[in-house]
Protein chains: 2
Amino acid sequence: MAKNASRKSASRLSIDDRTADILNAARQVISEKGYEKILLADIARQAGIVEGTIYRYFQNKRDLLVKVAELWFGEQLSADSHLDGISGTQNKLRHVAWRTLSIIKREPVLSRFMLMELRPDPNYRSTPFFELNRHFTRETLQICKDAIATGEFHADVSPALMRDMLHGCIEHRTWAFLRGEGDFSPDEVAEGIATVVYRGMLAHPVSNQPAAALETLVARLEKVAERLEQKPPQVGRNNQLR
Amino acid sequence: MAKNASRKSASRLSIDDRTADILNAARQVISEKGYEKILLADIARQAGIVEGTIYRYFQNKRDLLVKVAELWFGEQLSADSHLDGISGTQNKLRHVAWRTLSIIKREPVLSRFMLMELRPDPNYRSTPFFELNRHFTRETLQICKDAIATGEFHADVSPALMRDMLHGCIEHRTWAFLRGEGDFSPDEVAEGIATVVYRGMLAHPVSNQPAAALETLVARLEKVAERLEQKPPQVGRNNQLR
DNA sequence: AAAATCAAGTAAACTGAATTCATTAACAAC
DNA sequence: GTTGTTAATGAATTCAGTTTACTTGATTTT
């Protein structure tokens, strides 16, 4: 009601510019405050506007934060996201795991934000993280189904379970990492996951021990044969194989 | 200041009784409202007291909720919690997975509450879920280490990773379940997890189909046998291979 | 048994954050 | 310039959780 000669107004921007400003401000606040409380007041200040203005551009706080995550995560999906160039079941599994793990390693703040702030939300299903997860998850499922189709994998374990193992492991590892309980190397973890899952799913695992045992056995046999050839008859009790 | 002839007061109870009242009320509210917003006002009403009174018995809302979870989860840890009676690595793994999965299946509200409300909290580390998780996790780690020590498991994959796979898979499965994306059977899932992890970790997997390497060896053996057959017999019974 | 003490319980105030909305000011078109 | 439109404001509202000062009944002391 007062006349407010002193009232300052931010310059008028296009919808897109202002939207971008707010998104950037939000992202910056998230980066700085980590997974601590994110205040609209902080975001508004950072964007050089007032809290109420945010509601012109976003339905509510959650809507804004979801959009931030969407954008941010989108940037992380680089060219190495698709599997097209990769052959071999184990290689594919490794790549899928590695891809997610590297994003997490590269952008811990984003990951923490999505996992801890966005995910526990009641209507999490409309979250970018959710969609992305579904996509990755479908991809992994397909790898497994393909391998079963060719007979490479056992059909006695459900593909969905294998997928849950792979992605569940990644997620579990991520929580620990985000909680500050130890670092991890995307390469190593991806290698480990792919190895165990692959071996565990194989229809006809290669056993190197029985082979090794046989190897010795054969060698011994061959020696016996040689001896037999050298000294014709004369076989005594010494020739016992064991 | 007013005389308050009309002021109603809850009957005075012992500390323990009142505490129990509040805990029960909280638990009931959680059960009813599911993972929706849990209001202190609701809990107070349910307990027949006023919001402020809660702060006489609990430091704050989170403290109360954590205690509820502690109590509730404690009830679920039945006798089958320990592994003592179980032998065999795969059986142990299956049991560990099954135990958690059954609790989740039996108490979805509690699980959802712990996973979605308590876990994403900044100071989650003081949560009963956290401690419990650590305990289960250590147990699984030990199973793996033992199996490596006896030579049953490969040493080329870290035990911690195997543990993460097992528990991560359970957790991933749980999230899906709690989100209403399909039911699951503790028996089946536990069996699947144990199978894949066990097979995947085995140092000397059992091959049910002769590997190519074996075939060559067999061929060599046959040659030896042939040579032996060529050389006049003479060989005594001692030369039996077994 | 009266007085003093104590602690359970209450009601209201406080706090801090999201959200709403009537008002104002900047810009564009005429 | 006048006017219409709409971005931006900031004060008001709402809604939880939390704190506070007060009331009151029970218990202990004398």
Side-chain angles (χ1 to χ4, degrees), chain A residues 1-26 29-30 32-33 35-68 117-118 120-123, chain B residues 1-26 29-30 33 35-68 116-118 120-123:
Chain A
M1 345 170 83
K3 35 311 347 93
N4 301 343
S6 64
R7 182 169 179 151
K8 291 174 220 160
S9 215
S11 59
R12 288 165 73 105
L13 295 182
S14 74
I15 292 186
D16 287 351
D17 285 354
R18 181 63 76 202
T19 303
D21 275 2
I22 296 174
L23 285 170
N24 287 331
V29 168
I30 293 167
E32 282 164 8
K33 303 256 176 170
Y35 72 115
E36 293 301 331
K37 279 259 157 291
I38 296 155
L39 303 189
L40 283 188
D42 289 341
I43 296 174
R45 191 171 340 105
Q46 179 72 34
I49 55 173
V50 106
E51 289 166 72
T53 304
I54 292 175
Y55 286 83
R56 223 161 235 303
Y57 299 87
F58 302 93
Q59 293 204 329
N60 51 38
K61 185 182 182 182
R62 177 180 158 81
D63 178 44
L64 164 58
L65 296 185
V66 164
K67 295 241 167 70
V68 171
E117 306 270 341
L118 258 29
D121 195 286
N123 43 352
Chain B
M1 347 169 84
K3 22 349 311 107
N4 300 341
S6 65
R7 181 169 180 151
K8 291 175 219 161
S9 216
S11 58
R12 290 167 72 103
L13 296 182
S14 73
I15 292 187
D16 287 351
D17 285 355
R18 182 62 79 200
T19 303
D21 274 2
I22 296 174
L23 285 169
N24 287 333
V29 169
I30 293 168
K33 302 256 176 168
Y35 72 115
E36 293 301 330
K37 277 262 158 288
I38 297 155
L39 303 188
L40 283 187
D42 288 342
I43 296 175
R45 190 171 341 104
Q46 180 72 36
I49 55 173
V50 107
E51 288 166 73
T53 304
I54 292 176
Y55 286 83
R56 244 171 211 296
Y57 298 87
F58 301 92
Q59 293 206 326
N60 51 37
K61 185 182 181 183
R62 178 182 159 78
D63 178 44
L64 164 59
L65 296 186
V66 164
K67 295 243 167 69
V68 171
M116 284 167 128
E117 305 271 341
L118 257 30
D121 196 285
N123 43 354

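Each chain gets a letter, A, B and so on, in the order its sequence line appears, and its residues count up from 1. Quick note: numbers below take in every heavy atom, side chains included, and nothing from hydrogens, waters or symmetry partners. Predicted model, so just to flag it, every value in this text is computed and none were measured.
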Nearest whole Å is fine: how far is dA16(D) P from D42(B) CG? 9 Å
What pairs with R56(A) under salt bridge (charged side-chain N to carboxylate O under 4.0 Å, His left out), at least two apart in sequence or on another chain? none
Report the distance from atom CD of E51(B) to atom C1' of dA16(D), rounded to the nearest whole Å. 9 Å
Sequence-distant partners of K61(A), side-chain hydrogen bond (donor to acceptor under 3.5 Å, both in side chains), two or more places apart: none
Base, sugar-phosphate, or nothing for Y57(B), non-hydrogen atoms under 4.0 angstrom? sugar-phosphate
Is any side-chain heavy atom of D21(B) closer than 4.5 Å to one of I49(B)? no
Closest of dA16(D), dA17(C), dA11(C) to the K61(B) side chain is dA16(D)
Below the 4.0 Å mark, does dT10(C) have OP1 or OP2 next to a side-chain nitrogen or oxygen of T53(B)? yes
Can a side chain N or O of R18(B) be found less than 4.0 Å away from OP1 or OP2 on dG9(C)? yes
Could you give the CG-to-P distance, from N60(A) to dA17(C), as a whole number of Å? 18 Å
Sub-3.5 Å pairs of nitrogen or oxygen atoms, protein against nucleotides 12-15 of chain D:
none

For Y55(B) and dT15(C), give me the distance from atom OH to atom C1', rounded to whole Å. 12 Å
Using side-chain hydrogen bond (donor to acceptor under 3.5 Å, both in side chains) as the criterion, list what pairs up with N24(A), not counting sequence neighbours. none
Taking for each residue the nucleotide of DNA chain D bearing the nearest heavy atom, is the 5' side occupied by R56(B) or by L40(B)? L40(B)
Under the side-chain hydrogen bond (donor to acceptor under 3.5 Å, both in side chains) test, residues paired with E32(A) that sit two or more places apart: Q28(A)
Starting at CG of L65(A) and ending at C1' of dA17(C), how long is that distance when rounded to a whole Å? 14 Å
Find the distance I54(B):CD1 to dA11(C):P and express it as a whole number of Å. 14 Å
Once salt bridge (charged side-chain N to carboxylate O under 4.0 Å, His left out) is applied, do any residues pair with D42(B), and if so which ones, sequence neighbours excluded? K33(B), R45(B)
Rounded to the nearest 0.5 Å, the NZ atom of K67(B) sits from the OG1 atom of T19(B) at a distance of 9.0 Å
